[in-house]
Amino acid sequence: MPRPKKSDISLPAGGKPDMEHEEAARRQGYARICGIDEAGRGPLAGPVVAAAVILPPGYELPGLNDSKKLTARRREQLFTALMEDDAVHKCIAQASVQEIDELNILRATHLAMQRAALGLSVAPDFCLIDGLAVPGFLLPSLNLVKGDARSLSIAAASILAKVSRDRYMAELDTLYPQYGFARHAGYGTKAHLEAIQQYGVTEHHRRSFAPVAQMELPLGF
């Protein structure tokens, strides 16, 4: 498939993601097209999570949309529907805080995306990836700016990545309740920064991120 031009970032006419790019890939001979998206590039704590999803041709799931446009409750409902559907092939992967600090967040994000694609039980032969180009990606792919609002496969991946990461941070909250991870998912809110100032950083904080590094605090736990 040709790379999209800068002008090729318009959203579907209905304002919701569709299967146009998946169908275009099938017309070019690809059979198993997966959408890939990530969650958690910006937070100060926690892993970056990526998901890869192969939807069957003609797939429909009412309400499936870019995860950012959905309520937490609706994301959970769609997450369950996707995970319980055996016709939907999916894999959720992550890059750890340690990998983020060692590689930088962009390279760690790309690593998580590649792990998700390669971890699918059915090997994809083409990938639609949200965002800009991923250097060295091991499978044929097309990058779509605002892809989670354009491609149904990427939208599905965005929901799996977002809900999976939110659940992870909620579990972390039970171990470190003073940080409020369940509320802010590790993002640099005022309450989170104040908690770091008061209690120090944990092993789950990204020490390569400026707000954490600048505090120069010892490991809190």
Side-chain angles (χ1 to χ4, degrees), residues 4 9 17 34-53 65-70 72 75 79 90-119 127-139 141-151 153-173 176 179-193 195-196 201-215:
I9 59 172
C34 82
I36 303 175
D37 202 359
E38 53 75 27
R41 284 183 62 175
L44 306 181
V48 59
V49 176
V53 176
N65 203 340
D66 172 4
S67 65
K68 296 187 292 296
K69 298 179 180 179
L70 302 170
R75 282 197 297 267
F79 178 92
K90 54 266 179 182
C91 180
I92 301 167
Q94 64 174 249
S96 68
V97 169
Q98 291 73 26
E99 288 172 322
I100 292 169
D101 286 342
E102 291 173 6
L103 300 174
N104 76 43
I105 184 58
L106 182 61
R107 291 175 62 194
T109 298
H110 293 167
L111 178 61
M113 287 178 162
Q114 193 146 265
R115 284 172 174 166
L118 297 178
C127 299
L128 298 170
I129 306 175
D130 183 60
L132 301 176
V134 179
F137 198 74
L138 297 178
L139 295 165
S141 62
L142 175 69
N143 289 81
L144 295 175
V145 176
K146 299 182 180 179
D148 45 8
R150 303 169 67 193
S151 158
S153 299
I154 296 178
S158 76
I159 289 170
L160 297 192
K162 170 66 174 168
V163 173
S164 295
R165 189 178 188 282
D166 284 351
R167 289 182 176 184
Y168 179 94
M169 297 306 293
E171 291 178 5
L172 207 59
D173 187 76
Y176 306 98
Y179 290 89
F181 289 135
R183 295 192 303 275
H184 52 63
Y187 281 87
T189 64
K190 179 180 178 182
H192 189 190
L193 293 172
I196 295 174
V201 296
T202 72
E203 61 184 310
H204 302 283
H205 281 94
R206 303 174 182 179
R207 292 173 175 268
S208 58
F209 277 42
V212 177
Q214 289 171 359
M215 290 184 178

Taking all atoms of both residues into account, what is the closest heavy-atom pair of [X] and [Y], and its distance?
| X | Y | result |
| --- | --- | --- |
| Ala157 | Gly35 | CB-O, 3.5 Å |
| Ala51 | Ala116 | C-CB, 3.9 Å |
| Ile100 | Gly46 | CD1-O, 3.9 Å |
| Ala117 | Leu139 | CB-CD1, 4.1 Å |
| Ala161 | Glu38 | CB-C, 4.0 Å |
| Pro17 | Asn65 | CD-OD1, 3.1 Å |

Who pairs with Arg115 by side chain to side chain donor-acceptor pair (under 3.5 Å), at least two apart in sequence or on another chain?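 Applying side chain to side chain donor-acceptor pair (under 3.5 Å) to Arg115 gives Glu99.
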
Do [X] and [Y] make a side-chain contact, defined as non-hydrogen atoms from C-beta onward lying under 4.5 Å apart?
| X | Y | answer |
| --- | --- | --- |
| Phe79 | Leu160 | yes |
| Ile159 | Asp37 | no |
| Phe137 | Ile129 | yes |
| Lys162 | Leu70 | no |
| Ser151 | Leu144 | yes |
| Leu44 | Leu193 | yes |
| Tyr176 | Glu203 | yes |

Using a 3.5 Å distance criterion without hydrogens, assess whether the side chain of [X] forms a donor-acceptor pair with backbone atoms of [Y].
| X | Y | answer |
| --- | --- | --- |
| Arg165 | Pro47 | yes |
| Asp130 | Asp148 | yes |
| Ser158 | Ser67 | yes |

Working to the nearest 0.5 angstrom, can you tell me the gap between [X] [atom1] and [Y] [atom2]?
| X | Y | atom1 | atom2 | value |
| --- | --- | --- | --- | --- |
| Ser208 | Gln98 | OG | CD | 10.5 Å |
| His110 | Ile105 | NE2 | CD1 | 10.0 Å |
| Met113 | Ser141 | CE | OG | 10.5 Å |

Could you tell me if the ring centre of His204 sits under 6.0 Å from that of Tyr179?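 Judged by ring-centre distance (under 6.0 Å), His204 and Tyr179 do not meet the cut-off.
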
Would Arg41 and Leu106 count as a side-chain contact (heavy atoms from CB on, under 4.5 Å) if you check the C-alpha gap in whole Å, the side-chain angles of each, and the deciding distance to 0.1 Å? CA-CA 8 Å; Arg41 284 183 62 175; Leu106 182 61; 3.6 Å; yes

So His192 and Phe181, would you call those rings parallel, tilted or perpendicular, with 30° and 60° as cut-offs?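 Plane angle over 60°, so perpendicular.
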
What pairs with Arg183 under salt bridge (charged side-chain N to carboxylate O under 4.0 Å, His left out), at least two apart in sequence or on another chain?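 If we apply the salt bridge (charged side-chain N to carboxylate O under 4.0 Å, His left out) test to Arg183, skipping adjacent residues, there are no hits.
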
Is there a side-chain contact (heavy atoms from CB on, under 4.5 Å) between Arg206 and Asp101 once you walk through the steps? CA-CA 6 Å; Arg206 303 174 182 179; Asp101 286 342; 3.8 Å; yes

Gln114/Leu138 under side-chain contact (heavy atoms from CB on, under 4.5 Å): CA gap, chis, key distance, verdict: CA-CA 8 Å; Gln114 193 146 265; Leu138 297 178; 3.4 Å; yes

